[in-house]
Amino acid sequence: MAKTLVIVESPAKAKTIEKYLGKDYQVESSIGHIRDLPNSASEVPEQFKQKPWASLGIDVEHDFKPLYVVPSEKKKHVAKLKALVKEAREVVLATDDDREGESIAWHLFQELKPKVPVKRMVFHEITPEAIRNAIQHPRQIDENLVHAQEARRVLDRLYGYEVSPVLWRKVAPKLSAGRVQSVATRLLVERERERMRFRSAEFWSLEGLFRTLKEEGFTAALIEVGGVRLATGKDFDALTGELKPDAKVVLLKQADAEQLLQRLKAAQFTVISTEERPFTQKPYAPFITSSLQQEGSRKLGFNAQRTMRTAQRLYENGYITYMRTDSTTLSKEAMEAARKQVRQMYGDEYLHPTPRTYDKKAKNAQEAHEAIRPAGSRFRTPQEVRGELSDDEFKLYDLIWKRTVASQMADARGRRMQVRLQGLDAIFSASGKTIDFPGFLRAYVEGSDDPEAALEDREVILPPMQKGDSVRVKDMRTREHHTQPPARYTEASLVQALEAAGIGRPSTYASIISTIQDRGYVFKRGTALIPTWTAFATQALLENHFSRLVDYNFTARMEEDLDEIAGGRKEHVPYLQDFYFGDEGLKSQIQTQMDQIDPRAISLIPVPALVGSEIEVRLGKFGAYMKKGEVSATLPNDIAPDELTLQQAEELLSKGGDEGILGQDPVTGQDVVAKAGRYGPYVQMGEKTASLFPTDSLSAMTLERAMQLLTIPRLVGTLDGEEVWAMNGRYGPYLKKGKDNRTLPGHESLFTVTVEQAQALFAAPKSRMGQSAAPLKIFEYPDRTPIQVKVGRFGPYLTDGENNAYLRNGEDAHSLTAEKTRELMAERGKPPKARAGKATKKAAPSKTSKTSKTSGKAPAKAASKAAPKTVAKPAGETQKAEWKDLKSHLNVLSDTERQLIVALREENKKAEDVAPELGLEVKKAKGMMLQISKKLQEAWRKAVSA
DNA sequence: CAGTGAGCGAGCTTCCGCTTGACTT
């Protein structure tokens with residue numbers, strides 16, 4: 001008899017549920033989402049590749065219809081599910097009861113296309129009772145909730161895939177922007193900016209060791225002198241380091257404190273007030289993902305990833321409930337188990353009289369799961385499972401067990417005491433705390449490893465005193481204080497901040513931190529997260545030009561809209577339409593900002609410590625550097641932005657910066673200088689210059705290396721009566737023999753190439769990439785032309801003379817088989833790009849020619865398959881841009897270049913006149929013009945082909 | 001703004017949120 005197929009999200013969950021449901025049911029898992037938007041062009045099916053929206057994976061012109069694909073690593077699993085569906089009596093989609101879960105259910109339905117009845121069931125705890133109850137009360141898929149998820153997905157894709165390219169063009173390639181990561185980075189950058197602006201203040205205080213008449217000791221601190229309160233940290237302005245103007249306080253400098261000490265240490269002190277207030281403290285809520293990560297960090301020293309990896313293993317092996325949750329709720333069985341254990345281990349007195357429940361505290365919590373707790377209806381104690389677990393697992397289980405049990409324990413009760421003493425015109429204060437009944441603190445103290453020790457720490461016991469008692473000064477000393485800048489975020493506190501703002505989800509907290517580290521926005525020092533200069537430049541761009549997108553409330557507002565969509569009160573397509581195509585929409589924003597953003601301005605990073613010093617910090621192609629006039633110096637990678645002081649900057653620059661004298665030639669005594677030139681970094685000695693190799697950097701340049709570089713050009717020997725020179729040119733290393741030349745395989749071979757090797761190179765015909773280069777391999781087929789595997793400029797590729805196909809990263813040219821090669825060719829083979837003005841005649845009017853319907857006279861070459869991305873506007877017969885075309889790309893130029901070209905082209909001035917105005921020699925200005933022309937042409941060509 | 005021998009198969013990078021395995025040494 002056919003079974004009912006139940007599909008959940010997680011395999012571990014499937015196993016458990018199958019036990020509860022019995023033999024009429026088969027339980028399988030989807031293993032998360034089964035379909036998604038294509039990640040990159042390689043995942044886009046062939047028929048959509050030509051669409052203008054192919055890279056987005058969303059047909060923005062037609063109701064933002066998403067293109068969903070089953071990612072290749074999921075195909076096998078989906079096929080397996082399909083097969084199971086065919087044999088099933090009915091299908092129950094039991095994915096999580098939240099937005100993403102509803103979406104997974106819908107995708108399963110769409111993709112598996114069941115012909116048998118389909119139901120949707122949900123549950124919030126995995127107990128036999130809850131599961132049986134859930135399966136008896138099925139419902140249908142909630143389309144509105146699915147739409148809300150789709151809107152979320154599409155919005156995130158549009159944001160990420162439209163804004164990231166702006167960063168590539170204006171800041172650096174491979175950077176990224178996104179609704180979550182950009183705000184996470186912003187938090188870090190803003191905090192660092194606060195630290196950079198922070199001015200520390202120094203203040204002093206007094207601390208006294210006192211004795212009662214019964215010779216019982218205690219300490220008290222000065223709080224008031226002459227009727228005025230003593231200044232504390234919060235009385236200072238963080239930006240100036242001065243007292244806030246309205247602060248009515250006494251500020252003690254060191255001398256004041258010492259003077260006061262002399263005056264007070266012999267004074268007579270009397271108790272002027274005593275106060276005692278009872279207090280109670282409630283236990284913390286059971287763990288959710290974010291609090292588990294925080295406590296994992298504070299108590300165990302685990303980072304977010306380690307905590308989650310460990311929790312995952314505990315979950316899979318049945319020790320704890322699901323670890324990605326935002327709900328603090330305990331199921332009934334968990335509640336009972338916890339309470340029973342409290343009674344057994346600590347006694348009735350320690351049990352809270354009624355079951356405790358905790359309010360949800362996370363913004364946008366979806367509460368599809370329980371809190372994180374020991375699994376089952378009877379909790380196994382840490383001691384019981386000790387032998388079965390690894391060290392990490394045991395520590396984390398112990399933590400979870402304690403927190404869960406503590407959550408049902410009684411309040412802690414105690415008293416807080418405060419005593420004030422007066423001597424002359426000074427008032428001292430002492431506080432104490434006594435815990436009368438520890439309650440839950442016996443099991444769990446937040447942030448501490450050992451509850452018993454922490455309990456003792458918490459008690460500061462004051463001897464009994466009464467108003468009017470005299471006390472004696474045993475000792476008194478001055479104490480120095482400095483105000484501290486706001487602390488840097490740690491993984492744990494960043495997660496906490498994101499969660500408080502409703503940004504990110506339990507399943508993503510750990511990966512958010514990885515992402516911003518991978519992109520080079522953040523690095524870690526100990527547990528502190530430090531934003532990089534790249535993060536500063538990126539944030540400046542986003543804040544100045546896309547402020548709405550990095551607003552801390554952006555996600556919260558989105559969530560409100562998604563709730564409206566989920567509730568059926570709002571439609572998702574108009575919502576996206578407005579976000580993308582609206583007057584203030586993303587698309588128009590990007591179009592206008594792409595022109596307005598000045599990369600030079602963005603690369604300049606304001607540093608408060610350097611204001612007025614003529615030193616500027618910029619983000620360049622190879623990282624951050626400082627510049628003062630003509631001198632520049634690379635900023636070390638491990639220096640935090642708030643640590644860069646004027647003194648340190650001057651020091652780095654005074655070493656000559658990157659452009660400095662490295663030393664003298666031991667033979668001639670001539671200076672050897674490192675410089676940054678128009679064509680990149682180089683070293684110079686007298687008249688002789690040599691470019692650095694790509695592996696060198698100015699900041700790491702030494703005299704020895706410079707001397708070695710200066711041996712190039714090197715006379716290799718003589719061949720056929722002509723000298724052979726090893727040279728480093730515009731296109732890289734090469735050999736020169738008279739008018740003949742050959743490219744060398746690598747820069748280092750400039751030093752090592754021998755006459756024999758040179759002879760071999762010149763004996764072979766001039767290497768022309770892709771034409772005469774020897775193939776690595778040739779595969780022959782009975783039914784098609786042979787395919788060659790070659791190595792070119794960009795790495796290995798395949799060619800059969802007509803079509804070429806590239807290999808992806810990870811595809812090894814040497815291990816290709818004939819069959820694999822044929823497949824790759826069929827899949828990716830394309831005719832080589834026709835060169836400008838040399839269009840092939842055989843380009844048949846293909847489907848792509850339809851795109852040029854707007855221009856009736858479009859030449860065949862523009863529509864040829866070789867240049868499928870040609871825009872409707874023909875680029876002109878000669879492919880040459882006019883000034884008006886080039887003008888919009890002025891942002892690729894430096895300030896001087898821009899001023900020069902504008903003066904010449906717009907104001908019709910002569911180079912001879914403009915050069916002096918810009919402080920240039922006429923010859924240099926003319927040289928610059930060549931560069932300018934090249935840069936503009938290149939930018940224009942890129943824009944046209946994009 | 002050092003000073004230099006050509007001609008050439010590129011495509012891709014990126015988002016957020018669900019969830020686990022995995023080429024072999």
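Reminder, nothing fancy here: chain letters follow the sequence lines and each chain counts from 1.
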Hey, does the side chain of [X] reach the backbone of [Y] with a donor-acceptor pair shorter than 3.5 angstrom?
{"X": "H572(A)", "Y": "V146(A)", "answer": "no"}
{"X": "W168(A)", "Y": "L175(A)", "answer": "yes"}
{"X": "R714(A)", "Y": "L750(A)", "answer": "yes"}
{"X": "Y509(A)", "Y": "L498(A)", "answer": "no"}
{"X": "Y159(A)", "Y": "L549(A)", "answer": "yes"}

Length of the [atom1]-[atom2] vector between [X] and [N], whole Å:
{"X": "L824(A)", "N": "dG9(B)", "atom1": "CG", "atom2": "C1'", "result": "15 Å"}
{"X": "I31(A)", "N": "dG21(B)", "atom1": "CD1", "atom2": "C1'", "result": "8 Å"}
{"X": "L549(A)", "N": "dC15(B)", "atom1": "CG", "atom2": "P", "result": "15 Å"}

Within the pair [X] and [N], is there a side-chain N or O less than 4.0 Å away from OP1 or OP2?
{"X": "T799(A)", "N": "dG9(B)", "answer": "no"}
{"X": "R324(A)", "N": "dT20(B)", "answer": "yes"}
{"X": "R169(A)", "N": "dT13(B)", "answer": "no"}
{"X": "R505(A)", "N": "dC16(B)", "answer": "no"}
{"X": "Q149(A)", "N": "dG17(B)", "answer": "no"}
{"X": "S10(A)", "N": "dT20(B)", "answer": "yes"}
{"X": "Y161(A)", "N": "dC15(B)", "answer": "no"}
{"X": "S176(A)", "N": "dC15(B)", "answer": "yes"}
{"X": "S40(A)", "N": "dT13(B)", "answer": "yes"}
{"X": "S507(A)", "N": "dC18(B)", "answer": "yes"}

Check this for me: does the side-chain of [X] come within 3.5 Å of the base of [N] through a donor and an acceptor?
{"X": "R153(A)", "N": "dC15(B)", "value": "yes"}
{"X": "R152(A)", "N": "dC16(B)", "value": "yes"}
{"X": "D36(A)", "N": "dC18(B)", "value": "no"}

Qualifying residue, where the test is side-chain contact (heavy atoms from CB on, under 4.5 Å) with V724(A) and the options are V716(A), D740(A), L761(A) = V716(A)
Can Y159(A) be said to stack with the base of dC15(B), given centres closer than 5.5 angstrom and planes under 30 degrees apart?
-> no
Does Y797(A) lie flat on the base of dA10(B), that is, centres under 5.5 Å apart and planes under 30° off?
-> no
Hey, which of R505(A), R152(A), R179(A), R99(A) is the one that makes salt bridge (charged side-chain N to carboxylate O under 4.0 Å, His left out) with E559(A)?
-> R99(A)
Output the single nucleotide from dG17(B), dT4(B), dC15(B) whose closest atom is nearest the side chain of V180(A).
-> dG17(B)
Could you please name the option among dC16(B), dT14(B), dG21(B) that lies closest to any side-chain atom of D156(A)?
-> dC16(B)
Between H747(A) and F693(A), what is the ring plane arrangement, given parallel below 30°, perpendicular above 60°, and tilted in between?
-> tilted
Near DNA chain B, under 4.0 Å by heavy atom, which residues of residues 93-109 of chain A?
-> D96(A), E100(A)
Mapping P733(A) and S182(A) to their closest nucleotides on DNA chain B, which lands nearer the 5' end?
-> P733(A)
Would you mind telling me which residue lines up with the more 5' stretch of DNA chain B, R35(A) or Y315(A), judged by nearest nucleotide?
-> R35(A)
May I ask you to say whether R157(A) pairs ionically with D36(A), meaning some side-chain N is under 4.0 Å from a carboxylate O?
-> no
Answer yes or no: is there an ion pair linking E316(A) with R313(A), defined by an N-O contact shorter than 4.0 Å?
-> no
Can you run through DNA chain B from 5' to 3' and write each base as (, ), [, ], | or . depending on how it pairs? Watson-Crick or G-U wobble, both distances under 3.5 Å.
-> .........................
So, S40(A) and S42(A): side-chain donor and acceptor under 3.5 Å apart, yes or no?
-> yes
